[in-house]
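First the structure, in the form of structure tokens, and then the observations on it.
Numbers restart at 1 for each chain; the letters A, B, ... are given by sequence-line order, proteins then strands.
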Amino acid sequence: MIRPHRTHTLWFAYILHRLSGLSLALFLPAHFYIMSLALTQPERLDGFLKWTDLMIVKVAEYGLVFLLAVHIFGGLRLMALEWLPWSNGQKTLAAAAVGGAFLISTMFFMRAI
Amino acid sequence: MKATPDTLTVSVWRGAESGGSFESFEVPNFESQTILDIVAWIQQNSDPTLTYRYACRVGMCGSCAMMVNGVPRWTCRTHVQKVVQDNRVEIAPLRNLPVIKDLATDMDPFFDKWIAAEGLHHPTKSRHDPIEQINPESAARVEAASGIECINCSVCYAACDTVANNPDYLGPAALQRAWTVYNDSKDAGRQQVLDAVSGVGGCHNCHSQGSCAVHCPNDLNPMKAIAGLKRATATSFFRKGSRT
Amino acid sequence: MMDIRLYMLQRISALIMAPLTLGHIAVMIYAIQGGLSADEILGRTQGSVFWFLFYGSFVAAVSIHAAIGLRVIVSEWLGLRGMVLTVFGWAVFLVLLAMGAQAVLAVTQT
Amino acid sequence: MASTSNIDRHDTDILILGTGGAGMFAALHAQQTAPAGTKITIAVKGLIGKCGCTRMVQGGYNVALGTGDTVERHFMDTIIGGKWLPDQDMAWKLCEQAVVRVRELENEIGCFFDRNTDGTLHHKAFAGQTADRTVHKGDLTGIEIINRLMEQVLSRPVEKLQEHRAIGLIPTRDGSALAGVLFIDMRTGRFRFVRAKTVMMGTGGGPTMYKYHTPSGDKTMDGLAMALRAGLPLRDMEMVQFHPTGLLAGDHTKMTGTVLEEGLRGAGGQLLNGAENRFMFDYDPRGERATRDVVSRGIYAEMRKNNTSKNGGVFISMAHLGPDNVRAKFSGMVKRCADSGFDLAGGLVEVVPTAHYFMGGVVVDPDTRTAMEGLYVAGEDAGGAHGSNRLGGNGVANSTVYGGVAGDVMGMDIRKMAGLRDPDETVLDAEIARAQRPLSLKPGNVQALRHALQEAMWEDVGVLRTEVGMLRGIDRVESIKAELLQTGVAGDNLAFNLTWHDWLNMASLVDVSEVIAQAGIARENSRGAHYREDFPDSGSMESSYFTLAQMSGGEVQVTRAPVKFTIVRPGETVLPAGEPETLVEAV
Ligand SMILES: Cc1cc2nc3c(=O)[nH]c(=O)nc-3n(C[C@H](O)[C@H](O)[C@H](O)COP(=O)(O)OP(=O)(O)OC[C@H]3O[C@@H](n4cnc5c(N)ncnc54)[C@H](O)[C@@H]3O)c2cc1C
Ligand code: HEM
Ligand code: SF4
Ligand code: F3S
Ligand code: FES
């Protein structure tokens, strides 16, 4: 729940990082499973890959790439915050991480369609 | 009852650790009133059994913090007009601390953690030695000074979701104090501090949510201090690693 | 819950992954055009020591990273503590590692 | 109802009341000097370190560590500032030990006082000082001192009784010594009697019986009221220091009365009356830069002429110094005023004299011992060190120096004490009954009585006094007291019952208020903080006397005792010949 004490940029950055990490972690086993089909049943892998031609799946993939990108940039921001000399522009950096993630995932999406 | 412009409807949490609920009061709406003033007004004029805590009334002692409309604040320095919405205010005890009664919390866990974080001086000298010359503009001193005006009001502690979710977490204020101690050139306990903040409840639990810095009434930035501790502990981790 | 050891493991694994995942995305952006096929993927990766190391280290790193991450989340949001939490962390790590290893082998083996 | 048979009983060796500078230092020093295994307990009305006035110290701490400054000079300033009334041995020890205490604060406790760019301590000069002497941490010196002390105390094996309010000093049956202290555990509402071999009282006085006052809300003269009931002699009880510039924001806010710092006037702040004209030069050639007592009287006199601001005070104006400049230099004050809706940097802020510090207190020797064996008193509760006026910066010096002394002395004295003493159960019973009195009466409005008391003291026993006024004041206080004794408090739930404590606060305040007025009548001259319009003269310094108030048989007697010039006589100095009169460059 977004309670009043949470309504600020860095808290949103935190929750976005957490939810993206969580989603990625849940998606990952599925991804591994599909990929391992290459070994056992290559035709089923193709079946799955065909499936990815569907628009709805493309949008889902777009989301996934966004989550990955936003998690990476967010993670890099956090590690920079923790280990590099302090910078006061944390809000800007958090926003930049989200912006960068949009850019990359949109690129992915444009190429995919 | 509907609030008229010259009264406020104040919803106050009543109860103890075992549970409680909000109770509504009509309070006169005077000019120059703080949240603490309306709480006191209720106790003095409406319900003599209402419990709350304050001492200095000027933002120095940090004993009057409460949740005001869901946000942790020092109530003695929070003007009613700043927070009132549609003539209503909701006041509850500070989050993340056990409630003793009504608006008064038990602050012991907060201070236990302050000490557990080694948030105290470890002397290198005694009263028989002269006072050390220290350049106030040296980098370490500037860093130490940045968090020194903390009044241990626990507002940051109440704002932090990590504190809420992790009972071991030392919390922003205690860690900020540890960072000050670590940067104090007069302190003999720097390694002690690093060890204290590296355990299960240590600085590494902080997710840089930043609510501490947003809500600190003194504009301090515990998040920054905690980042400093993370850096210092990481450096020391590698150094130790290379030694063994 | 999170001491310095877990913290360092999580951060170091993240640092390892950062270039790998960015690289992965780049390849995907490049490869996705015109749709993906098993042949296409396998053609690129099969028998390649580079891709084996690439995805292999990713899998190792992400198993550690995600296991620690999920461990933090279940502890903070579901209140898991102590032994249960330790077991959970290890289980996530092992499952991800096993499944990941299988996938890497699948795409790189000849 | 509680009686002696169903209260909690508890034992310790060394018991300390209060966690201001005095209480904390007593605990730390007692721990250092007492034999191993001594049990030390610290009990406080609020939370440890988070109540009392030491935390509120802004300006700083007087210590003769500045260039050219000496203990002798600090001592002379203290004696002259106190208009020759201070107990000279106490004042000497204060100045001498402040040097040790500040080093202890820096080196052992971990305080950091502001430095010059070359790394040496920064000293500033408060009014009434002939050297740059005051060390400080910005204008939040007290926070630094108390936070560091609090950490040390919290980390040590000292028993902590928080939100325990002392309500009675209980002697032994023969009355020769103190047996222990009766408390209310505020969180549960239960009575608890704690026996101790030695007790240090550091509850910090606090003249909060005035309409405008600066001290923290927990300070209500409990200590002096207890000492009075225990029959101890109190000195200088007429001496209430007013700070000239308390914030005036209306009756409805606790912000009213809180201090706007001295430095505002020092920096050139102007006081304006209701017509927005400067008036201080009508009263003193130094204008706004005159000493606290003079400016307070000037403002009060102007207020009496009805030349007042909306809320009945005067204005302080800083804008002519440049709002940005003011904002930069007094950021804390500007922010604080803004919180209560005032623009200090660019507008006018209403101010009024406000009761700040209580010079009077229990008669003690320089080792903090009192007339009652086992009882030690330090800090604002102890009288003598300041005489008729406390210099800015000598308050926190006094509480930390003498708190430490008390700790040391108790740690030594305890070795000679055989064991715990048993209390006089009838006194214990009487004290319990006294505290329980309102619980069986019909509930009334305690706060209304507090307002009445504050008005009475402000009007009749305040900044300007006359015999007629003070007699009227006594009448008013007595009738308020009578009404208080008929005012009840709903007693069905005593746990953290603030209204009960408001009643007990009032009980302490009325008792001490009456003594202030009586002592004020007994002093037939004007010295320092005490100004008699009917006796505006200071009287001869050579024949200086101080007042002594003591209760016996339910009546308070005020007598006069000659000041003993044990170190220096009026007109003389302990400074070496040829020393300049002041080291401070004129502003
Ligand atoms: C706003 C302000 C600014 C000041 N600035 C300065 C300054 O710049 N320089 C300076 O030298 N002095 C200054 N002073 C004065 C200085 O604060 C005091 O002289 C000094 O701190 C008193 O210390 P203390 O230990 O005696 O009492 P306090 O610090 O007041 O502590 C008293 C303690 O006793 C407790 N207590 C009270 N009643 C009871 C009870 N019944 N049972 C148990 N505990 C009880 C209180 O809760 C508190 O913990 C200032 C005072 C104020 C109010
Ligand atoms: C697909 C791969 C990844 C998965 C599944 C994943 C998963 C997670 C999870 C579940 C968390 C816990 C979130 C939390 O505590 O709030 C987390 C945290 C974190 N991740 Fe990732 N992550 C991945 C990739 C990365 C990458 C590439 C980086 C580095 C750039 C990274 C950096 C971080 C950081 C720094 C944290 C700690 C955040 C904190 O303490 O608040 N992650 N990750
Ligand atoms: S850091 Fe700020 S919010 Fe936290 S305790 Fe200190 S003053 Fe209060
Ligand atoms: S809000 Fe909490 S998570 Fe860290 S940045 Fe502040 S301590
Ligand atoms: S009452 Fe002291 S900070 Fe609010």
Over 12 non-hydrogen atoms of neighbours within 6.0 angstrom of CD in B:Glu31: no
D:Asn445 vs B:Asn45 side-chain heavy atoms within contact, under 4.5 Å: yes
Gap separating the OG atom of B:Ser32 from the CD atom of D:Glu350, nearest 0.5 angstrom: 8.5 Å
Interatomic distance, B:Cys56 atom SG to D:Lys50 atom NZ [nearest 0.5 angstrom]: 9.0 Å
N-O pairing of D:Glu106 and B:Lys186 below 4.0 Å: yes
Which atom of D:Arg148 lies closest to which atom of B:Ile148, heavy atoms considered: NH1-CG1, 3.9 Å
Chain D contact via B:Asp106 - side chain, backbone, both or neither, heavy atoms under 4.5 Å: side chain
Which of B:Ile100, B:Asn135, B:Asn152 touches chain D most, by non-hydrogen pairs under 4.5 Å: B:Asn152
Greatest number of heavy atom pairs closer than 4.5 Å to chain D - which of B:Thr49, B:Ile38, B:Asp129: B:Asp129
Flag side-chain contact, heavy atom, 4.5 Å: D:Ile143 against B:Glu149: no
Per-residue contact mode, B:Asp112 against chain D (heavy atom under 4.5 angstrom): neither
B:Gln43-D:Asp502 side chain donor-acceptor pair, cut-off 3.5 Å: yes
Which atoms of B:Ala104 approach chain D - backbone, side chain, both or neither, heavy atom under 4.5 Å: side chain
Flag side-chain contact, heavy atom, 4.5 Å: B:Val58 against D:Met56: yes
Side chains of D:Ile109 and B:His121 in contact at under 4.5 Å (non-hydrogen atoms): no
Most chain B-contacting option - heavy-atom pairs closer than 4.5 Å, from D:Glu144, D:Arg450, D:Lys160: D:Glu144
Residue part contacting chain B, namely of D:Val57, when any heavy atom lies under 4.5 Å: backbone
Interchain contact, B:Asp219 with chain D, by part (heavy-atom threshold 4.5 Å): side chain
Side chains of B:Arg77 and D:Lys335 in contact at under 4.5 Å (non-hydrogen atoms): yes
Choice from D:Val99, D:Val100, D:Leu47, D:Val102 maximising heavy atom contacts with chain B below 4.5 Å: D:Leu47
Choice from B:Ser138, B:Pro130, B:Ala145 maximising heavy atom contacts with chain D below 4.5 Å: B:Pro130
